2 protein chains.
Amino acid sequence: MSCRGGRVNIGEIAKRAGVSRSTVSYALSGKRAVSAATRRRILQVIDDVGYRPNASARALAEGRTRAIGLVIPPAGRRLTPIQLGFVADVVAAAGRRELDVLLSPSGGEHDRSFERMVRGRRVDGVILMEVRLRDARAARLRESGVPFVAIGHTADAATGYWVDLDYQGLVASCVRHLADLGHREIALINRPRELLDSGYGPARRALDGFEAAAAARSLSATASCCPDEAAAGETFIEDLLAARPGVTGLVTINEAALPGIERALRRLGRAVPRHISVTGVVGRHWAEEFHPPLTAADVPITDMAERAVELLAERLAEPGTPPRNVLLAPPISLRSSTAPPP
Amino acid sequence: MSCRGGRVNIGEIAKRAGVSRSTVSYALSGKRAVSAATRRRILQVIDDVGYRPNASARALAEGRTRAIGLVIPPAGRRLTPIQLGFVADVVAAAGRRELDVLLSPSGGEHDRSFERMVRGRRVDGVILMEVRLRDARAARLRESGVPFVAIGHTADAATGYWVDLDYQGLVASCVRHLADLGHREIALINRPRELLDSGYGPARRALDGFEAAAAARSLSATASCCPDEAAAGETFIEDLLAARPGVTGLVTINEAALPGIERALRRLGRAVPRHISVTGVVGRHWAEEFHPPLTAADVPITDMAERAVELLAERLAEPGTPPRNVLLAPPISLRSSTAPPP
DNA sequence: TTGTAGGCGTTATCAC
DNA sequence: GTGATAACGCCTACAA
């Protein structure tokens, strides 16, 4: 294809190929038969001048943009590596389906871009990250009639499209794993309190799963929240072990606190897994960086991104179909951070 | 504004307000005087039905999309937290200017989305992350005539718009800082070798700055590359100190290796900064998470994002102006990881 | 197999 | 101050 990316439009191609504009259009879309000869000629010209249909014009005519929106938490709140990897994976998955991705931070009061996307029909559908049990953005999308897939589910789970991780089941599995090893006193290191209080699903359900499983096995269990930071993880462990020195098993869904947890345990002379076992649900990368590598359920972000895009694409293709959703429960990868208590 | 986000277009608003479509348009854009009364009436209707101009139609008519593209490194290569924070910051900065952001991974062979963006006129301009000294994507944009701002500069620095960090100067400052403290034997921990070899500017210029400054102060200096991973940082330190036990000063621009560096130093019994000093150029977060907090130049991602969007917006507004660029040199934040050598 | 023509929703140029 | 009306570039009946 040549250099001049100038102002070539379909009419120009038609003229050069000696056909009508519709023929060019059909040669490209394949929605009507075009003789092999003309098609070849047209494609040749297109390749020569480096033509590509104008996306805006196409969107206007077709009534769809071939783009999806990805609503991310606002920039202020630092994104966790998991969330950020997810963004990249969504873009990749969408790209495979010839969909472009428009990013919109939201949740703060900069919902301007959110509104632009939604009302301005800039996108055909939306993937909504980090959904709360009751979520204003989800409500907004619903009332605007914009198809969307939520990452995490809302309170009315049955009525929408979503992809989520089975935090409840996974955390319960972790608890049972510890119980099976003989642990009697365990603790949950949850995400920050604000998240839990605002009805953030994973935090909520992790807590539920933890408490239920601990009760079922009659373990002595404490659950508390911890800010998403290494430093916070450090003081968390100090405080925890000061208050409850008998704890021998830790379950965490707070990956960002992990480095601090590791540091504190080492400093306090608690070897993992000899003195204390650690497990939970965290990004694979974090599990592997922990010392010793963490026995944990790895958050399958690439899967989640792929499924979310798939669901959305499906929903766009077949608007009528009943809601579908996906609850992922990745296996717990056995590494070396758990063992029987001392 | 009301709920029905349906198919309202400007004609519908015009009808309800009892005016022509153009009047509605002008009431919104302000490009023509509209009497206070009609304007009020129109805005009232718009607010009632929740109308927003269709972005595609507007783009087609105006000849610009009010969207910019952000070209990120492909998903495969894990994005560093700095890069990821940058994405969020760009989106925020663009949002402030009523610009939407389209994401496109590139560099791998998924250049389809890149081409879609560029040739399909989906965006008015592009921000190109992580530019190489000689960069195919930059060349492509240039020949397509798409305005862009590069993060990092290409070999022909003078001819383009870019925003970059003065790695050369910053690393040199770090070296001089160590020299001033009395260090005589230092080492540079650079980004991965592939990046250096492929002409990745920061790696290249960090090396240059390091060698020049070390030579100027007649320090004994080694520079090597290290993969972007904690584990790699760990073995890096082991190898380095085995080979050159006399090293007392470390300069790094590899933030991802930092946790490993910290672990290795601790395990080898080298206290920071008593036995060994550490400094460099890394994301603020990483500097603060290091123990003890790192004396280092903090990569000013928010600034860089803001300036990049600003430059691009300017370039879009005034196509004729000569290239502008910004070389940021943030101060080195004094924390507590450097001291005179033992 | 191919061409003609109308429409998608805006903005912008004329008139009045 | 305001209203018609022609682009913008593409898609897609409807004809031929």
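Below, chains carry the letters A, B, ... as their sequence lines are ordered, and counting in each starts from 1. Here the structure is a predicted model, which is why all the values come from computation and not from measurement.
Checked against C:dT10, C:dG3, D:dC10, the side chain of B:A57 finds its nearest nucleotide in C:dT10. Side-chain proximity of B:L60 to the nucleotides D:dG9, C:dG3, D:dA4 is greatest for D:dG9. Of all nucleotides listed (C:dG9, C:dT11, D:dC11), D:dC11 comes nearest to the side chain of A:S25. For A:T38, whose side chain is taken as the heavy atoms from C-beta onward, the closest listed nucleotide among C:dG6, C:dT2, D:dG3 is C:dT2. For B:S20, counting side-chain heavy atoms from C-beta on, the closest listed nucleotide (C:dT10, D:dA4, C:dG3) is D:dA4. Among the nucleotides D:dT2, D:dG1, C:dT10, the one closest to the side chain of B:A61 is C:dT10. For B:N54, the listed nucleotide lying nearest its side chain is C:dG9; candidates were C:dG9, D:dC14, C:dT11.
Residue A:T23 places no side-chain N or O under 4.0 Å from the OP1 or OP2 atom of C:dT1. At the phosphate of C:dT11, neither OP1 nor OP2 sits under 4.0 Å from any side-chain N or O atom of B:K31.
Looking at B:R315 and B:E318, no side-chain N of the basic residue comes within less than 4.0 Å of a carboxylate O on the acidic one, giving no salt bridge. A salt bridge links B:E310 with B:R307: at least one charged nitrogen is closer than 4.0 Å to a carboxylate oxygen.
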Check the pair B:R116 / A:E98 against salt bridge (Lys or Arg N to Asp or Glu O under 4.0 Å), numbers first and verdict last.
CA-CA 9 Å; B:R116 270 203 309 277; A:E98 303 275 271; 3.2 Å; yes
Any chance you could lay out the side chain to side chain donor-acceptor pair (under 3.5 Å) test for B:Y161 and B:T321, step after step, and finish with the verdict?
CA-CA 11 Å; B:Y161 278 74; B:T321 55; 3.1 Å; yes
Dump the intermediate steps for salt bridge (Lys or Arg N to Asp or Glu O under 4.0 Å) on B:E314 and B:R97, then the final yes or no.
CA-CA 11 Å; B:E314 205 179 287; B:R97 294 172 170 77; over 6 Å; no
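Spacing between atom CZ of A:R119 and atom P of C:dT10 amounts to 13 Å, rounded to whole angstrom units. Straight-line distance from the CZ atom of B:R21 to the C1' atom of C:dC8: 11 Å, rounded to whole Å. Taking atom CZ of residue B:R58 and atom C1' of nucleotide C:dA12, one finds them 14 Å apart after rounding to whole Å. In this structure, CZ of B:R122 is placed 17 Å from P of D:dG9, rounded to the nearest angstrom. Atoms CZ (A:R40) and P (C:dT1) sit 14 Å apart, rounded to a whole Å. One atom, CZ of B:R64, and another, P of C:dG9, lie 21 Å apart when rounded to the nearest Å. In this structure, B:Y51 atom OH and C:dG9 atom P are separated by 10 Å, rounded to whole Å. Taking atom OH of A:Y26 as the reference point, atom C1' of C:dT1 lies 12 Å away to the nearest angstrom.
Where B:I10 and A:A33 meet DNA chain C, the nucleotide closest to each residue was compared, and A:A33 sits on the side nearer the 5' end.
Side-chain atoms of B:R140 and B:S144 include a donor-acceptor pair closer than 3.5 Å.
Residue A:R32 places no side-chain atom within donor-acceptor reach of the base of D:dT12, judged by atom type and a 3.5 Å distance cut-off alone. Donor-acceptor pairing under 3.5 Å, judged by distance alone, is present between the side chain of B:S22 and the base of D:dA4.
Looking at heavy-atom distances under 4.0 Å, B:G18 makes contact with sugar-phosphate atoms alone, never a base.
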